[in-house]
Amino acid sequence: MPTTPATATHSSSDGTADAIMLELVDENGTTIGTAEKLAAHQAPGQLHRAFSVFLFDEQGRLLLQRRALGKYHSPGVWSNTCCGHPYPGEAPFAAAARRTYEELGISPSLLAAAGTVRYNHPDPASGLVEQEFNHLFVGMAQEALKPDPEEVEETAFVTAAELAERHARAPFSAWFVTVLDAARPAVRELTGPSAGW
């Protein structure tokens with residue numbers, strides 16, 4: 001992926017990882033400061049900027065990922081195609097494209113903004129809190145996936161009916177239903193009425 005001014009400031013020359021900083025926002029999504037990633041998720045949580053990506057194949061099936069078992073937050077649960085946090089000063093669209101490439105090894109096509117949603121979701125399993133102002137994006141997955149095993153345990157393309165069945169029997173991220181419901185108008189526009197979203 002290309003280096004941007006925002007990503008360049010979060011890469012060290014010796015290959016070690018700097019502390020990951022998130023952008024804190026007010027209820028209107030205006031930036032008010034920064035916080036370290038884990039600290040922002042400690043109860044009761046600090047409201048911060050996030051993004052969620054929903055990619056579909058040409059049959060209108062949604063690409064899900066099961067989060068890697070080694071992740072500190074919501075390991076091993078199913079969720080939307082990709083989600084994460086822009087670096088401070090990084091545009092949400094750029095962050096969504098960057099992170100999709102880092103996690104799944106693909107560059108989304110027809111990626112489009114699908115609104116925002118604000119939520120507060122505690123995760124009982126970890127005690128962490130998702131207090132987020134989330135930018136939503138929809139698009140297409142038209143390349144072969146190359147998931148990073150440190151990020152993604154497995155992937156699946158599902159129809160709306162298959163998603164309902166899977167959601168009834170498998171654990172999903174605390175935020176999944178909220179972000180999918182908020183993105184549905186854009187999802188329907190992208191996939192068409194026959195896909196059933």
Side-chain angles (χ1 to χ4, degrees), residues 1-54 64-105 108 111 113 116-137 147-153 171-180 182-183:
M1 284 298 281
T3 301
T4 67
T7 58
T9 61
H10 298 279
S11 304
S12 59
S13 58
D14 63 3
T16 60
D18 293 335
I20 297 173
M21 302 300 289
L22 306 186
E23 203 168 79
L24 300 180
V25 299
D26 65 16
E27 294 292 338
N28 299 312
T30 303
T31 302
I32 58 171
T34 61
E36 189 277 326
K37 182 178 179 181
L38 185 57
H41 289 87
Q42 300 284 348
Q46 296 174 279
L47 183 59
H48 57 275
R49 195 176 308 285
F51 63 83
S52 290
V53 177
F54 297 86
L64 298 176
Q65 70 155 275
R66 188 158 76 91
R67 294 164 63 84
L69 297 175
K71 292 181 82 76
Y72 80 91
H73 191 353
S74 301
V77 303
W78 287 94
S79 199
N80 48 292
T81 307
C82 180
C83 51
H85 309 91
Y87 292 130
E90 184 181 22
F93 183 93
R98 170 183 59 80
R99 197 70 188 129
T100 300
Y101 185 83
E102 290 171 356
E103 291 190 5
L104 295 162
L111 192 65
T116 60
V117 62
R118 178 353 183 163
Y119 54 78
N120 177 1
H121 286 305
D123 177 28
S126 66
L128 300 175
V129 177
E130 288 291 358
Q131 187 83 255
E132 293 186 332
F133 188 96
N134 197 307
H135 298 257
L136 308 170
F137 299 94
D148 177 349
E150 292 189 9
E151 299 288 345
V152 179
E153 190 71 18
F172 272 71
S173 63
W175 60 87
F176 177 75
V177 171
T178 300
V179 293
L180 176 58

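Heavy-atom basis, side chains included; hydrogens, waters and symmetry copies ignored. All residue numbers in this chain count up from 1 along the given sequence.
Checked by atom type and distance alone, the side chain of Asn28 never pairs as donor or acceptor with a backbone atom of Thr30 at under 3.5 Å. Proximity of a side-chain donor or acceptor of Arg67 to a complementary backbone N or O of Pro75 within less than 3.5 Å is not detected.
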Exercise. Where do Phe133 and His135 land on the ring pair (Phe, Tyr, Trp, His ring centres under 6.0 Å) test, with the steps shown first?
Worked result: CA-CA 7 Å; Phe133 188 96; His135 298 257; 5.6 Å; yes
Problem set entry | Trace of the side-chain contact (heavy atoms from CB on, under 4.5 Å) decision for Leu64 with Arg66 | CA-CA 7 Å; Leu64 298 176; Arg66 188 158 76 91; over 6 Å; no
For this session: Begin from the C-alpha positions of Met21 and Glu36 and carry the test side-chain contact (heavy atoms from CB on, under 4.5 Å) through to its verdict.
Result: CA-CA 4 Å; Met21 302 300 289; Glu36 189 277 326; 4.1 Å; yes
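Taking 4.5 Å as the limit, every side-chain heavy atom of Glu103 sits out of range of all side-chain heavy atoms of Asp148. Considering only heavy atoms from C-beta on, Leu47 stays 4.5 Å or farther from Asn120 through its side chain. Proximity of Trp175 to Ser79: side-chain heavy atoms (C-beta onward) are separated by under 4.5 Å at one or more points. Counting heavy atoms from C-beta outward, Pro86 and Glu23 have side chains that stay 4.5 Å or more apart. Side-chain contact between Phe51 and Phe137 is present, with at least one heavy-atom pair separated by less than 4.5 Å. Annotation: side chain of His48 is in contact with side chain of Glu132 (closest heavy-atom distance under 4.5 Å). In this structure, the side chains of Leu180 and Asn80 stay at 4.5 Å or more apart for every pair of heavy atoms. Put simply, the side chain of Arg118 does not reach to within 4.5 Å of the side chain of Thr116, judged on heavy atoms.
We find the OH-NZ distance between Tyr87 and Lys37 to be 8.5 Å, quoted to the nearest 0.5 Å. Between the CG atom in Leu38 and the CG atom in Leu128 there is a gap of 6.5 Å [rounded to 0.5 Å]. Rounding to the nearest 0.5 Å gives a distance of 9.5 Å between OG1 of Thr178 and CG of Asn134.
Between His41 and His85, the ring-plane angle classifies as perpendicular under the 30° and 60° cut-offs.
The pair Arg99-Glu151 meets the salt-bridge criterion, since a charged nitrogen lies less than 4.0 angstrom from a carboxylate oxygen.
When the shell of 6.0 Å around CD of Glu150 is examined, it contains 12 or fewer heavy atoms from other residues, nucleotides or ligands.
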